[in-house]
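To start, the structure under review is shown below, and the notes come after it.
Note: hydrogens, waters and symmetry copies are ignored here, and every other heavy atom, side chains too, is used.
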Amino acid sequence: MNPILSFAALAGFCLCAALARADAPPRAETRPQTLSAHGDARVDPYAWLRDDSRSRPEVLAHLQAENRYADTLLAGQQPLRDTLLAEMRARGAGGEASLPYTENGWEYRERYPEGAQQPVYERRPAAGGEWRMVLDAAERAKGKRYYRLGGWQLSPDGRYLAVAEDVRGDGAQQLALRDLASGEWLPFGDGKAGTEMVWSADGRALWYVGVDPDTYRPSRVYRHALDGKDDALVFEEKDEAFTVSLSSSASRRYALIAVAGSDSSEAWLLDARDADKPARLFAARRPGREYYLDHYRGAFYLRANPDPAGFGLYRSAAPGGEWRTLIAPTANREVESFLLLKRHLIVKERGDGLSRVRAIAWRGGASRTLALPDPSYRVWFDRNPDPDSGRLRYRYSSLTTPTSTWELNLSNGETRALWQPKLAGYRAADYRSERLWIRARDGERVPVSLVYRRDKLAKGGNPLLLYGYGAYGMSMDAAFSAPRVSLLDRGFVFAIAHVRGGGELGRRWHEAGRLANKQNSFNDFVDAARELARLGYARSDQLYAMGGSAGGLLIGAALNQAPGLFRGAVAQVPFVDALSSMQDPSLPLTVGEYGEWGNPADADAYRRLRGYSPVDNVGAGPYPHLLVTAGLNDRQVPYWEPAKWVARLRERQWPGQQLALITEMDAGHRGQSGRLSRLAANAREYAFLLTLSGWREP
């Protein structure tokens with residue numbers, strides 16, 4: 001029997017058998033609540049599932065019942081999950097260290113011990129010697145039900161280590177400080193914080209971002225002094241539509257405070273040489289203009305969009321000074337990021353849906369573009385702490401190329417691989433990636449990246465998993481996934497639809513998929529799925545969808561729009577109760593997201609959200625098989641959104657439909673914290689999809 005072409009019969013048998021063994025699906029009690037706005041009344045029968053305390057017994061009991069049901073429903077997939085997990089672990093077994101980098105006289109590296117959930121961070125003198133422990137994340141995780149290291153920063157002299165740690169899964173960090181000379185952990189306040197931290201030049205003070213205790217909005221900057229004084233508030237952004245982040249300038253002269261909203265931003269300067277000086281405004285925000293700042297060799301450099309074409313690169317001599325154009329944006333190219341080195345300006349530009357890296361000599365202006373081999377890929381700057389080195393470290397990944405570290409010699413243009421992972425049993429030559437342009441229903445050309453195993457592609461005969469996001473101007477570039485190889489090896493084609501709302505084609509692509517244009521995102525995804533089947537990359541009855549967070553909204557809306565198109569879907573922490581959430585400004589992200597989705601206090605924005613919010617638009621027809629995940633401590637997409645969505649879908653659950661909600665009771669938006677736990681989640685999702693496709697292990 002052909003394991004790829006005999007989907008229907010096998011899947012039907014497996015689904016009926018699974019349902020016969022399963023307990024009855026949990027049915028959430030209905031407690032209708034009428035919500036009225038702009039002359040419209042809608043009924044929410046499951047509003048009671050919202051519990052901000054995450055402790056109400058009846059709510060926890062329902063979530064646990066859903067988890068038990070999911071365990072029973074998916075129990076028959078356990079052997080396949082075990083096989084997939086074993087493959088994934090063997091492919092990258094651990095014990096391998098990352099490429100070291102040198103900074104301030106020390107060499108640093110990250111390493112996962114064999115079979116470890118958490119990494120260790122080590123250093124040694126740049127001149128050589130034994131590696132010594134800087135931070136053992138596994139030791140910090142002991143006794144905690146959840147642990148994820150959000151970030152770490154060493155003082156300029158290398159003596160003090162500051163770490164940001166998420167110990168609840170809610171995304172808020174708690175900060176800790178260690179004296180590496182003595183090994184002692186020093187007192188630090190227990191307030192909620194962000195991940196960004198910057199040391200003063202003398203290493204006696206640490207600036208860090210603080211978050212609002214109720215909304216979790218990054219809104220403040222504090223200064224922590226090593227002399228034991230209480231932390232001082234040095235900056236606060238009171239407008240709830242803006243968030244605060246913190247970074248160090250390339251010159252190390254300033255700590256840079258970035259204040260960003262949906263379509264405007266501004267920057268403030270903290271003097272790294274005098275930590276007691278107040279923050280200084282660089283240029284005031286104004287609607288429609290964003291700028292992101294750096295400083296090097298006595299001048300300020302800005303990635304900004306004063307030009308309607310999009311983002312360019314500009315230089316200014318001082319705060320409040322004139323901006324001189326270095327690289328102007330064009331209709332099909334804009335600046336995505338930049339790096340300031342002694343002899344070269346490095347820019348990453350985006351055009352035609354792809355990034356490219358250019359090195360431009362400060363003297364003479366000679367330009368060299370980095371050659372990249374794949375039809376679609378992801379490229380980004382690695383750590384480059386020494387601006388005088390004459391070399392650029394960068395990371396590169398594609399759908400067939402494992403993420404690697406490379407070096408560009410800026411004097412002669414030669415490149416060499418510095419580090420490439422060892423993946424047991426993987427041969428890149430066995431796989432093929434492609435980049436297509438599909439025509440959406442309104443005539444717009446939408447890029448799609450895809451990958452498959454060469455010897456498994458049967459025209460019109462493969463199952464295909466389509467992934468999408470399409471929000472916030474974020475680009476979902478095509479990058480390698482080691483766990484995904486297990487799916488490709490079993491005949492799946494994997495594709496990414498770079499739908500409108502993302503940033504793949506620059507600022508205009510984002511504008512074309514947000515606010516009044518949001519419907520374009522959903523149309524693009526549906527149209528891409530249909531076109532891929534028409535072109536022979538999939539069987540029309542073997543299409544599957546996957547998306548997370550705002551990508552979960554994309555999936556939910558696409559399923560409402562075309563419920564019979566996909567055979568199955570995986571929705572990871574999906575943002576599916578969009579209208580109710582955007583009507584509640586007490587939720588962590590609501591006010592800051594009006595620029596993306598609209599403010600439902602406005603009748604037109606209400607009408608648009610009402611028209612596509614997945615929970616409010618579940619139809620009467622049969623929906624595909626669904627695996628939905630949530631995190632109890634998720635503050636970005638609260639657990640009750642996927643819980644309410646699944647409750648609505650259960651009202652229409654058809655005999656044989658697999659509909660599972662799995663709530664991680666100790667995790668948040670990013671799922672489980674340990675490396676092996678994340679692999680187990682991959683194995684669970686892939687086993688679900690493979691079972692639906694009719695796959696049987698040989």
Side-chain angles (χ1 to χ4, degrees), residues 262-263 288 305 307-311 329-334 336 349-356 375-378 399 433-450 464-478 493-538 540 543 545-547 550-562 565-566 578 595-598 604-605 608-609 611-612 614:
S262 61
D263 67 350
N305 64 348
D307 188 304
F311 285 91
T330 66
N332 58 8
R333 189 194 69 196
E334 58 183 298
E336 194 170 33
E349 298 166 304
R350 183 168 286 275
D352 202 30
L354 296 172
S355 296
R356 68 170 185 171
S376 57
Y377 51 81
R378 183 183 174 211
L399 292 172
S433 67
E434 298 184 36
R435 186 166 181 260
L436 312 174
W437 292 87
I438 66 103
R439 188 74 66 177
R441 65 193 68 181
D442 63 354
E444 182 65 80
R445 295 171 69 243
V446 179
V448 174
S449 302
L450 57 87
L464 182 144
L465 175 59
L466 184 63
Y467 182 87
Y469 189 75
Y472 307 113
M474 293 178 61
S475 299
M476 292 291 111
D477 288 328
V493 175
F494 175 80
I496 305 170
H498 304 287
V499 303
R500 281 172 279 187
E504 288 86 346
L505 276 79
R507 186 184 184 192
R508 78 166 185 90
W509 205 241
H510 180 208
E511 296 294 333
R514 71 169 180 150
L515 297 175
N517 299 317
K518 190 61 201 170
Q519 184 61 42
N520 287 333
S521 303
F522 315 138
N523 293 347
D524 290 351
F525 193 80
V526 169
D527 293 347
R530 288 176 171 150
E531 182 66 4
L532 288 168
R534 189 190 71 79
L535 292 172
Y537 290 100
S540 60
L543 291 168
M546 177 182 283
L553 169 68
L554 176 71
I555 300 305
L559 296 187
N560 285 340
Q561 185 171 322
L565 178 61
F566 296 97
E596 184 71 22
W597 315 106
D604 288 339
R608 290 194 300 268
L609 281 158
Y612 68 70

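In this structure, Phe311 and Pro329 have side chains that are not in contact, with every pair of non-hydrogen atoms separated by 4.5 Å or more. Side chains of Pro447 and Ile496 form no contact here, defined as non-hydrogen atoms less than 4.5 Å apart. The side-chain heavy atoms of Ile555 and Tyr469, taken from C-beta on, include no pair separated by under 4.5 Å. Between Tyr612 and Leu553, the closest side-chain pair of non-hydrogen atoms falls below 4.5 Å. At a threshold of 4.5 Å between non-hydrogen side-chain atoms, the residues Pro614 and Leu559 do not count as touching. At a threshold of 4.5 Å between non-hydrogen side-chain atoms, the residues Leu609 and Trp597 count as touching. Here the side chains of Asn523 and Gln561 are in contact, with some heavy-atom distance below 4.5 Å. Within the 4.5 Å cutoff, the side chain of Phe525 has heavy atoms near those of the Leu466 side chain.
Rounded to the nearest 0.5 Å, atoms CG (Leu450) and CG (Leu464) are 7.5 Å apart. With rounding to the nearest 0.5 Å, the separation of OG in Ser355 from CZ in Arg378 is 9.5 Å. Expressed to the nearest 0.5 Å, how far CG of Leu535 lies from CD1 of Ile438 amounts to 9.5 Å. Note that the CG atom of Leu399 and the OH atom of Tyr377 stand 12.5 Å from one another [nearest 0.5 Å]. For the atom pair CG (Leu505) and CG (Asn332), the distance works out to 9.5 Å, reported to the nearest 0.5 Å. Rounded to the nearest 0.5 Å, atoms CZ (Arg507) and CG (Asp263) are 8.0 Å apart.
A search for salt bridge (Lys or Arg N to Asp or Glu O under 4.0 Å) contacts involving Arg350 returns Glu336, Asp477, not counting sequence neighbours. Asp442 pairs by the salt bridge (Lys or Arg N to Asp or Glu O under 4.0 Å) definition with Arg500, not counting sequence neighbours. Listed by chain and number, the residues in a ring-ring contact (aromatic ring centres under 6.0 Å, His included) with Trp509 amount to none (sequence neighbours excluded). Every residue two or more places apart in sequence or in another chain that forms a salt bridge (Lys or Arg N to Asp or Glu O under 4.0 Å) with Arg441 is listed here: Asp527. Applying the salt bridge (Lys or Arg N to Asp or Glu O under 4.0 Å) test to Arg333 and every residue at least two apart in sequence or in another chain returns Glu349. Every residue two or more places apart in sequence or in another chain that forms a side chain to side chain donor-acceptor pair (under 3.5 Å) with Glu434 is listed here: Arg432, Tyr452, Tyr537.
Between Gly468 and Leu554, the shortest heavy-atom contact is C-CD2, 3.5 Å. Between Gly547 and Tyr467 the shortest heavy-atom distance is CA-CE1, 4.1 Å. Closest non-hydrogen pair, His498 versus Ser449, comes out as NE2-OG, 2.8 Å. In plain terms, the two heavy atoms of Ala497 and Val448 that are nearest each other are CA-CG2, 4.3 Å. Here the closest heavy-atom approach between residue Val499 and residue Gly470 is recorded as CG2-CA, 3.5 Å.
For the pair Arg508 and Glu444, the salt-bridge criterion is met [side-chain N within less than 4.0 Å of a carboxylate O].
Side chain of Ser376 to backbone of Ala478: no donor-acceptor contact under 3.5 angstrom is found. Side-chain atoms of Arg439 come within 3.5 Å of backbone atoms of Gly443 as a donor-acceptor pair (strictly under, hydrogens ignored).
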Criterion side chain to side chain donor-acceptor pair (under 3.5 Å) on Asn305 and Glu334, from CA distance to verdict: CA-CA 9 Å; Asn305 64 348; Glu334 58 183 298; over 6 Å; no
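Between His510 and Glu504, the side chains place no donor N or O within less than 3.5 Å of an acceptor N or O (distance only, hydrogens not considered).
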